[in-house]
Structures are given as C-alpha cells and as structure tokens.
**Q** 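If you scroll down you'll find the structure; I have some questions about it.
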Amino acid sequence: MSEIVRTRFAPSPTGYLHIGGARTALFNYLLARRLGGKFVLRIEDTDQTRNIEAADQKLMEDLRWLGLQWDEGPEVGGEFGPYHQGQRLELYRERAKYLLETGHAYYALETREELEQMRAAARARGEKGFRYPRPQRFPTEAEAEQARRAGRPVVIRFKMPDRDFTVPDRILGDVHIAASELSDFVIIKGDGWPTYHFAVVVDDAAMHITHVLRGQEHLMNTPNHMALQEAFGYPVPTYAHLPIIFNMNGTKMSKREKDKVVRDAAKAAGLDEQKVMELAGVADPQLVRLWRAGETQLPGDALARLAKKLAVHVPEIEIHDFRKSGYLPEVLVNFIALLGWSPGDSREKFTLNELCRVFTLERVGKTNARFDRDKLLAFNTMAFEAADMPRKLAAFRDWLSVNEPGPMTGLDEATLVRVLEACHGFRTFEDVDRKAGVLFAADDAYPYDDKAVRKWLLKNEAAGLKVVRDLKALLAAATDWSSATLDDLIRRYAEQHSLELGKVAQPLRVAVTGTTISPQISETLGLLGRERTLARIERAVRVAESLAA
RNA sequence: GCCCCCAUCGUCUAGAGGCCUAGGACACGGGCUUUUCAAGCCCGCGACACGGGUUCGAAUCCCGUUGGGGGCGCCA
C-alpha cells in the first residue's frame with residue numbers, strides 16, 4: 001500500500017538549479033526523511049522549446065553537491081520510472097484518450113493567434129480575466145484529424161467542472177477558489193506533448209506521490225489538478241505551497257540578473273559591440289547585439305569571462321554559482337532551510353541530518369523571504385571557522401575543480417593545507433585566492449599595484465624601499481626559513497630601527513606580492529621560500545625604481 | 001482590472017490572549033585587538049503597517065484600509 005510518504009522534486013531542465021528550486025528540493029527531501037518516506041526526482045521536460053541540453057545533468061550535479069540524493073529518479077532508477085516526462089508520452093496519450101472517451105475532455109482547434117484575439121476581445125469587453133468559452137458542440141475525432149492534416153493545431157482541453165474548489169493547504173490552510181476563476185485548460189498541446197498541469201497529475205499519481213511541496217506560484221493551479229484527480233479517481237495528495245524567495249531588493253531572483261550586472265558594467269566602461277565580443281569570447285555579433293539590448297542572456301562562461309575582465313562580481317543565483325564562489329554546500333543547505341522554516345527557538349545552526357530530524361510542515365511560515373547574502377556570508381565564515389582541516393581541504397579541492405585553472409590548481413596537499421591555515425578567517429575560497437593566489441603565480445609575472453608601491457615603498461623618500469633592501473640581506477643570511485625564524489627576524493629588525501611592525505611588514509608584503517593583502521608576513525615568506533622571496537624583492541626594487549623615475 | 005496569498009527590527013525570524021518595558025541571528029554604529037585583508041571580542045541602535053472592534057487584558061482573535069507578492073499561457 002502507499003501509506004509510505006513519498007515526495008518529489010520536479011524541475012524543468014532549463015539550466016542549473018537555482019536557489020528557489022534548491023529550497024523546494026530541500027523541503028521535499030527533509031519531509032521524506034523526517035517521515036521515513038521516499039524522495040523522488042522527476043524531470044519535467046515537456047516544453048521542447050525550453051529544454052536546455054544536459055540541463056538535467058547540471059540539476060543532478062547541484063542536487064548531489066548539496067547532499068540531496070534522491071531515492072528514485074534518473075540514474076538511480078525505481079519502480080515507477082522512467083523519470084523523464086519526455087519518456088512517458090505513451091502514458092499521457094493513453095490518459096488523455098481516457099478523458100476524451102469519458103467525456104472529461106475535448107478537442108480544440110484554435111490557433112495561438114485566434115486565442116490571442118479572443119483574449120484581447122474579452123479584455124476589450126471589460127471581462128475579468130479570460131476564460132476559454134466552452135463550445136456548444138465539440139470537434140469530433142474526424143474533424144480533429146482533418147485539422148491535423150490541414151496543418152492546423154489540435155489541442156485537447158479538460159472540461160473543468162463548474163464549481164468552486166477548496167485547496168486544503170498544509171501551510172496556508174483552506175484556500176477557496178471560485179468557479180468563475182477556472183476554465184477549460186489545455187492538457188495536450190499541439191505538438192502532442194502534455195502540459196505541465198496534465199503531466200504533473202498523471203505522474204504524481206503514477207509515482208504514488210503523497211505530499212506535494214512546491215512554490216506558492218502554483219497555488220492557483222491546484223484546482224485544475226484536483227479536478228483532474230477527480231476525473232481519474234486519483235487520491236488528492238497533501239498540498240503545501242511554500243513562500244517565495246526574493247532578492248534583497250524585493251525583485252525575483254533570476255538568472256537574468258547576472259547578465260544585467262555585467263551589462264551595466266560593460267555600459268559604464270563604454271564597451272562597444274566589438275569589444276564585448278572580444279572580451280567575452282563570443283563570435284556571434286547578433287547575440288551580442290541582443291544581449292546589449294537586454295533581450296537575451298550570454299552563455300555562462302562568456303559572461304564569466306566578461307565579468308572578470310570588467311572586475312565585477314556577478315551575483316550568485318544558481319547553486320553552481322555559490323559553489324564556484326567558494327561557499328560550502330552544508331552552509332547553503334542550512335541557510336536555505338531557514339528561509340521559510342524555523343525550528344521554533346533561536347537555534348540557527350543545523351546539519352542536513354539534524355534538519356531531517358526536526359523538520360516539520362507546521363513550522364513552515366507563510367511569508368515570502370528575502371535572500372540575505374550578508375547573512376549567508378556570515379554563515380559560511382562561521383562554518384569554515386568550525387570545520388576541521390579534512391573538510392576544508394576537500395571543499396577547497398572541490399572549489400578548485402569547478403573553477404578555471406589558476407595558480408593554485410594542482411598544488412600538493414601539504415601546501416593546500418598550509419595555505420588554508422595561513423588564510424584563517426577567510427569567508428569564502430575567493431578570499432583565499434585573493435589573499436594567497438599570487439604566491440603561486442610566476443615570480444616575474446604577477447602585477448604590482450602602483451598605488452601600493454607608491455605608498456609603501458616610495459613614500460617618505462623611499463623609506464619602505466630601504467627596509468626591503470635591508471631585509472633582503474638579512475633574509476638571505478637567515479639560518480633557516482621557518483615561520484618562527486622569519487617572524488623573529490622581522491620583529492628584531494623593526495625593534496632595532498624603532499619602526500612599528502606595520503612599517504616593516506607592509507613594504508615587504510608589497511614587495512613580494514605586489515599588493516597590500518596577503519597572509520601574515522612570515523607565513524607569506526614561508527610559503528614563497530627563500531629563493532623566490534629574494535627574487536621577488538629584487539624585482540620589486542626594479543619596479544619601484546622605474547615607477548619613481 | 002479580476003482572483004488568491006501575506007504583513008514583528010534594514011534582513012531572516014521567535015512569539016499560537018497575560019511569561020513582551022517583544023527574544024535570537026545577520027547587517028549597521030561605537031570600542032578593543034592588530035603586521036595588511038579578514039577573523040575574533042565587548043557594547044549599542046533597532047520592529048509588532050494603519051484604523052476600528054472583541055476582551056479585564058491583543059503583536060497574538062475579527063473587520064476594514066494600506067502595502068507587498070502570486071495567478072489570470074498550447075511555461076513550468
């Protein structure tokens with residue numbers, strides 16, 4: 001029997017998993033775990049025009065990265081598969097035929113244009129919302145076939161019962177929707193594929209789904225689903241509509257936002273079409289033209305390239321973005337869980353397993369939430385602080401693996417550990433990269449920040465330069481290259497010359513990294529090693545002198 | 001426009017009639033620490049949208065207003 005709880009996450013494959021989807025997936029996962037049930041993954045790829053190549057793979061990769069492994073679905077199988085709706089067309093056709101034969105559905109022959117006109121006319125007449133007018137006489141099978149042959153579209157519509165519906169929602173309570181708000185909706189599209197409303201009902205029943213947790217944007221669709229269930233004699237699952245997640249500015253979180261940020265930066269930098277193509281590495285001028293006009297999105301890698309050249313931070317929207325920015329999956333899970341759910345006390349730190357034990361629908365709120373990046377960042381920082389080295393190391397390697405190869409790619413474990421220790425207090429791996437990446441760049445190629453060089457090496461009659469030169473000799477003669485020795489050497493030098501430590505450490509830091517940001521100076525030198533430190537100081541002296549000249 | 005949902009600090013939230021002079025977290029402000037960037041520590045600022053009821057008593061219940069959000073597709 002199907003007394004066992006079964007939940008599902010049913011994304012459409014349009015790209016990576018985004019925050020809202022991740023939250024829906026998480027809550028479904030948690031509910032199933034909490035109630036000892038099964039969590040099913042189903043790919044809703046019924047819109048052939050929107051499907052994106054390999055998007056299901058990306059979705060699954062993100063889900064797994066978060067730790068939300070499904071019990072049934074693509075790649076793991078299960079007794080109610082297949083789990084791609086595109087592979088279940090026979091079932092939908094059979095079910096639609098049943099509805100047709102039992103008088104619950106009928107053919108409709110209007111073109112999209114005709115429907116648009118009908119909608120416009122209804123609006124002109126001042127009607128409240130468009131409802132498809134059910135015809136007196138329905139097109140026959142023969143007429144449908146004739147229309148098909150004539151190349152006209154043929155869809156199947158469901159005969160919506162003429163009565164009010166009450167959606168029993170576990171979060172919102174009973175929601176009443178009047179019959180006047182409902183109409184005969186399409187269940188089979190012109191291309192023969194099912195609509196979402198149809199496929200979702202057929203599959204939820206076929207897969208014995210008991211609880212449907214989904215975004216609140218689906219609330220008004222629910223009567224359609226309930227009517228379908230009634231027509232089929234399917235049980236009505238428990239519904240729970242989740243509040244929506246917004247950006248801090250109250251707008252909906254959307255992938256388009258990433259493009260907007262970069263587009264605005266490109267505009268501010270005065271880049272023309274040619275330049276954008278060049279920097280983004282895009283060969284199609286038409287694409288760039290549309291993108292500049294705000295009418296389309298750039299491929300992810302192209303956008304990332306352009307953003308990097310413009311030095312703008314692209315807001316993370318999709319789970320994969322957070323992964324690439326150096327967030328921990330357990331932090332995202334923890335944080336997302338708190339968007340719409342709370343334990344009832346002031347506790348905020350939860351692992352996935354802990355959430356599985358305490359999650360209940362009763363504690364899910366009704367109010368929409370804003371996605372506070374600052375708080376997420378703080379969570380990430382605290383998690384790193386609390387994580388042990390094996391965890392940090394594994395996460396660091398994961399981060400390196402999903403980003404373009406950089407100076408730290410391929411470093412051995414001992415060095416990676418040392419880097420992480422040297423960078424303690426970091427918030428994301430981007431911090432680590434920003435702080436220590438330059439130490440692994442070629443000694444003759446890393447850039448010098450002119451401002452830093454002027455301030456710390458050239459100012460006050462090149463006081464910093466003198467310090468650096470002195471130190472070079474001392475460092476060359478150091479007995480060994482341990483952090484302790486280096487620290488001691490630097491402190492002693494400062495003391496002997498009555499200088500504050502900052503007056504010694506900063507010039508040295510600028511000399512060996514080109515910037516004012518690096519791990520503690522003795523660690524910085526330690527990581528570089530004697531030879532490279534000396535080589536870098538030499539180069540710094542040359543750079544500073546040429547800048548002064 | 002019509003229908004539906006929602007409403008506590010800037011943000012996420014605790015609060016299920018007296019425990020609330022409303023608690024926590026992040027952000028913010030100030031201070032400490034300091035060799036940069038972070039991190040850390042201490043202190044502080046800060047909300048029941050508004051108006052009516054109900055009640056001995058309301059952030060908590062009811063109604064209205066306002067505000068926010070969602071829906072009104074051959075998208076999901």
Side-chain angles (χ1 to χ4, degrees), chain A residues 10-12 14 44-47 49-50 108 110-112 115-116 119 123 126-132 153-157 167 169 171-173 175-178 180-183 185-197 199-200 214-221 241 243-244 246 248 250 252 335 338-349 365-379 381-382 384-385 423-427 431-432 434-435 452 456 487 490-491 494 500-506 508-510 513 515-522 524:
Chain A
S12 61
T14 55
E44 309 222 321
D45 52 354
T46 54
D47 185 349
T49 62
R50 285 214 321 174
E110 292 81 7
T111 63
R112 286 169 194 273
L115 279 171
E116 199 35 63
R119 263 189 276 271
R123 215 171 307 130
E127 284 175 22
K128 46 175 195 172
F130 175 70
R131 300 174 67 203
Y132 180 82
V154 175
V155 304
I156 300 176
R157 283 184 184 266
V167 179
D169 188 283
I171 294 169
L172 302 170
V175 178
H176 307 283
I177 290 155
S180 60
E181 300 303 316
L182 306 166
S183 73
F185 57 96
V186 174
I187 57 175
I188 297 289
K189 301 186 264 190
D191 62 7
W193 287 53
T195 58
Y196 161 76
H197 301 302
V200 80
R214 46 159 52 151
Q216 232 170 67
E217 65 270 20
H218 291 291
L219 181 60
M220 300 301 279
N221 300 150
H241 290 92
I244 299 172
F246 294 98
M248 275 308 278
K252 214 169 177 179
F335 187 73
L338 262 19
L339 253 30
W341 174 86
S342 93
D345 55 31
S346 54
R347 182 173 176 202
E348 287 196 310
K349 310 298 286 180
K366 303 176 183 180
T367 51
N368 293 158
R370 294 187 188 211
F371 189 79
D372 186 349
R373 290 165 191 283
D374 289 332
K375 187 159 181 173
L376 174 66
L377 226 207
F379 268 41
T381 309
M382 291 186 273
F384 274 132
E385 182 116 31
C423 291
H424 89 277
F426 64 91
R427 295 119 89 216
D431 279 353
V432 176
R434 191 164 49 90
K435 203 165 178 177
W456 292 103
D487 199 57
I490 291 163
R491 282 180 192 281
E500 290 161 11
L501 265 182
K503 289 279 196 310
V504 179
Q506 277 308 78
L508 198 49
R509 176 169 283 117
V510 171
T513 69
T515 73
T516 57
I517 299 169
S518 87
Q520 188 177 342
I521 193 64
S522 57
T524 300

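Order of the sequence lines sets the chain letters (A, B, ...), proteins ahead of strands, with each chain counted from 1.
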**Q** Protein-nucleotides 39-50 of chain B N/O pairs closer than 3.5 Å?
**A**
unit_1, atom_1, unit_2, atom_2, d
B/A39, O4', A/Gly425, O, 3.3
B/A39, O2', A/Glu385, OE1, 3.2

**Q** Report the residue (A/Gly365 or A/Asp487) whose heavy-atom-nearest nucleotide on RNA chain B is the more 5′ of the two.
**A**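 With A/Gly365 and A/Asp487 compared, the 5'-side residue is A/Gly365.
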
**Q** May I have the distance from A/Leu376 (atom CG) to B/C12 (atom P), rounded to whole angstrom?
**A**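 Checked: the CG to P distance equals 15 Å.
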
**Q** Is any side-chain heavy atom of A/Arg373 less than 4.5 Å from a side-chain heavy atom of A/Met248?
**A**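 A side-chain contact under 4.5 Å is absent here.
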
**Q** Reckon A/Ser180 touches a base, only the sugar-phosphate, or nothing at all at heavy-atom distances under 4.0 Å?
**A**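 Since no nucleic acid heavy atom lies under 4.0 Å of A/Ser180, the category is nothing.
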
**Q** Whole-Å distance between B/U35 P and A/Leu501 CG?
**A**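 Nearest whole value for this atom pair: 5 Å.
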
**Q** Expressed in angstrom and rounded to an integer, what is the separation of A/Asp431 atom CG from B/U36 atom C1'?
**A**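 Spelled out: CG on A/Asp431 to C1' on B/U36 is 14 Å.
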
**Q** Name the nucleic acid region contacted by A/Asp45, choosing base, sugar-phosphate or nothing; use a 4.0 angstrom heavy-atom cut-off, strictly under.
**A**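 No contact.
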
**Q** Taking the side chain as C-beta and beyond, is there a heavy-atom pair between A/Thr524 and A/Pro519 under 4.5 Å?
**A**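 In contact.
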
**Q** Could you tell me whether A/Thr367 contacts a base, only the sugar-phosphate backbone, or nothing, with contacts defined as non-hydrogen atoms closer than 4.0 Å?
**A**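 Contact class for A/Thr367: sugar-phosphate only.
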
**Q** Taking the side chain of A/Arg370 as heavy atoms from C-beta outward, which of B/C12, B/A76, B/A25 is closest to it?
**A**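 That would be B/C12.
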
**Q** Counting any heavy atom closer than 4.0 Å, what does A/Gly215 reach on the DNA or RNA strands: base, sugar-phosphate only, or nothing?
**A**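 The answer is nothing, as A/Gly215 stays clear of every strand by at least 4.0 Å.
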
**Q** Want to settle it: does A/Ile521 or A/His197 sit nearer the 5' end of RNA chain B, counting the closest nucleotide to each?
**A**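 Nearest-nucleotide comparison on RNA chain B picks A/Ile521.
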
**Q** Test of understanding: with side-chain contact (heavy atoms from CB on, under 4.5 Å), list the residues that count as partners of A/Arg50, not counting sequence neighbours.
**A**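 Only A/Ser12, A/Thr14, A/Asp47 meet the side-chain contact (heavy atoms from CB on, under 4.5 Å) criterion with A/Arg50.
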
**Q** Just jot down the side-chain contact (heavy atoms from CB on, under 4.5 Å) partners of A/Asp487, sequence neighbours excluded, or say none.
**A**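 Counting only residues at least two positions away or on another chain, A/Asp487 forms a side-chain contact (heavy atoms from CB on, under 4.5 Å) with A/Arg491, A/Gln520, A/Ser522.
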
**Q** Could you check how far NZ of A/Lys366 sits from C1' of B/A59, rounded to whole Å?
**A**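 After rounding, the reported distance stands at 15 Å.
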
**Q** Under 3.5 Å, is there a donor-acceptor pair between the side chain of A/Arg427 and the main chain of A/Ala378?
**A**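 Judged by distance alone, no pair lies under 3.5 Å.
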
**Q** Take atom CZ of A/Arg509 and atom P of B/C37, then tell me their distance rounded to the nearest Å.
**A**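 Spelled out: CZ on A/Arg509 to P on B/C37 is 9 Å.
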
**Q** Please give the distance between the P atoms of B/G46 and B/C9 as a whole number of Å.
**A**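 Going atom to atom, P in each nucleotide, I get 14 Å.
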
**Q** Give one of base, sugar-phosphate or nothing for A/Glu44, where a contact means two heavy atoms less than 4.0 Å apart.
**A**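 Sugar-phosphate: the residue A/Glu44, judged by heavy atoms under 4.0 Å, touches backbone atoms but no base.
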
**Q** With sequence neighbours left out, what residues match A/Phe426 under ring pair (Phe, Tyr, Trp, His ring centres under 6.0 Å)?
**A**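 Result, ring pair (Phe, Tyr, Trp, His ring centres under 6.0 Å) vs A/Phe426: A/Phe384, A/Phe429.
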
**Q** Using a 4.0 Å heavy-atom cut-off, does A/Arg491 contact any base of the nucleic acid, only the sugar-phosphate backbone, or nothing at all?
**A**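 Base, at least one base heavy atom under 4.0 Å.
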
**Q** Using the P atom as the point on both nucleotides, what is the distance between B/U65 and B/A27, in whole Å?
**A**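 Rounded to whole Å, the distance is 40 Å.
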
**Q** Check nucleotides 69-74 of chain B against the protein and report each pair of N or O atoms closer than 3.5 Å, with its distance, or say if there are none.
**A**
unit_1, atom_1, unit_2, atom_2, d
B/G69, O2', A/Asn368, OD1, 3.1
B/G73, OP2, A/Arg119, NH1, 3.3
B/C74, OP2, A/Arg157, NH2, 3.4
B/C74, O2', A/Arg112, NH1, 3.0
B/C74, O2', A/Arg112, NH2, 2.6
B/C74, O2, A/Gly190, N, 2.6
B/C74, N4, A/Glu110, O, 2.8

**Q** Using whole Å, what does the distance between atom C1' of nucleotide B/C9 and atom CG of A/Asp372 come to?
**A**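 Going from A/Asp372 (CG) to B/C9 (C1'), I get 13 Å.
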
**Q** With a 4.0 Å cut-off on heavy atoms, is A/Arg347 in touch with a base, just the backbone sugar-phosphate, or nothing at all?
**A**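 Contact class for A/Arg347: none.
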
**Q** Say we look at B/C62 and B/U8: how far apart would their P atoms be, to the nearest angstrom?
**A**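 Result for the P pair: 16 Å, nearest Å.
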
**Q** Please state the P separation for the pair B/G69 and B/U11 - nearest whole angstrom.
**A**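 Taking atom P in both B/G69 and B/U11, they lie 13 Å apart.
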
**Q** Output one line per pair: protein atom, nucleotide atom from nucleotides 15-20 of chain B, and distance, for all N/O pairs under 3.5 Å.
**A**
unit_1, atom_1, unit_2, atom_2, d
B/G15, OP1, A/Arg363, NH1, 3.2
B/G15, OP1, A/Arg363, NH2, 3.3
B/G15, OP2, A/Arg363, NH2, 3.3

**Q** Sticking with atom C1', work out how far B/C12 lies from B/G52, rounded to a whole angstrom.
**A**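 Per the computed distance, 31 Å lies between those C1' atoms.
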
**Q** Taking CH2 from A/Trp341 and P from B/C12, how many angstroms apart are they, rounded to a whole number?
**A**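 It is 17 Å, rounded to the nearest whole Å.
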
**Q** Rounded to whole Å, please give me the gap between CZ in A/Arg214 and C1' in B/A76.
**A**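 Distance, rounded to whole Å: 10 Å.
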
**Q** Compare all side-chain heavy atoms of A/Tyr132 with those of A/Leu115 and state whether any distance is below 4.5 angstrom.
**A**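 Yes. Closest side-chain heavy atoms under 4.5 Å.
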
**Q** Which whole number of Å gives the distance between the C1' atom of B/G64 and that of B/C26?
**A**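 Each nucleotide's C1' atom is 36 Å from the other's.
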
**Q** Roughly how far apart, to the nearest Å, are B/G40 and B/C4 at atom P?
**A**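 Straight-line distance between the two P atoms is 48 Å.
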
**Q** Using atom P of each nucleotide, how far apart are B/A59 and B/A16 to the nearest Å?
**A**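 That atom pair is separated by 13 Å.
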
**Q** Classify the side chain of A/Gln520 versus the base of B/U35 as yes if they form a donor-acceptor pair under 3.5 Å and no if they do not.
**A**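 Per atom types, the contact qualifies.
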
**Q** Considering every strand and a 4.0 Å limit on heavy-atom distances, what is the contact class for A/Pro11: base, sugar-phosphate, or nothing?
**A**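 A/Pro11: no heavy atom of the nucleic acid under 4.0 Å.
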
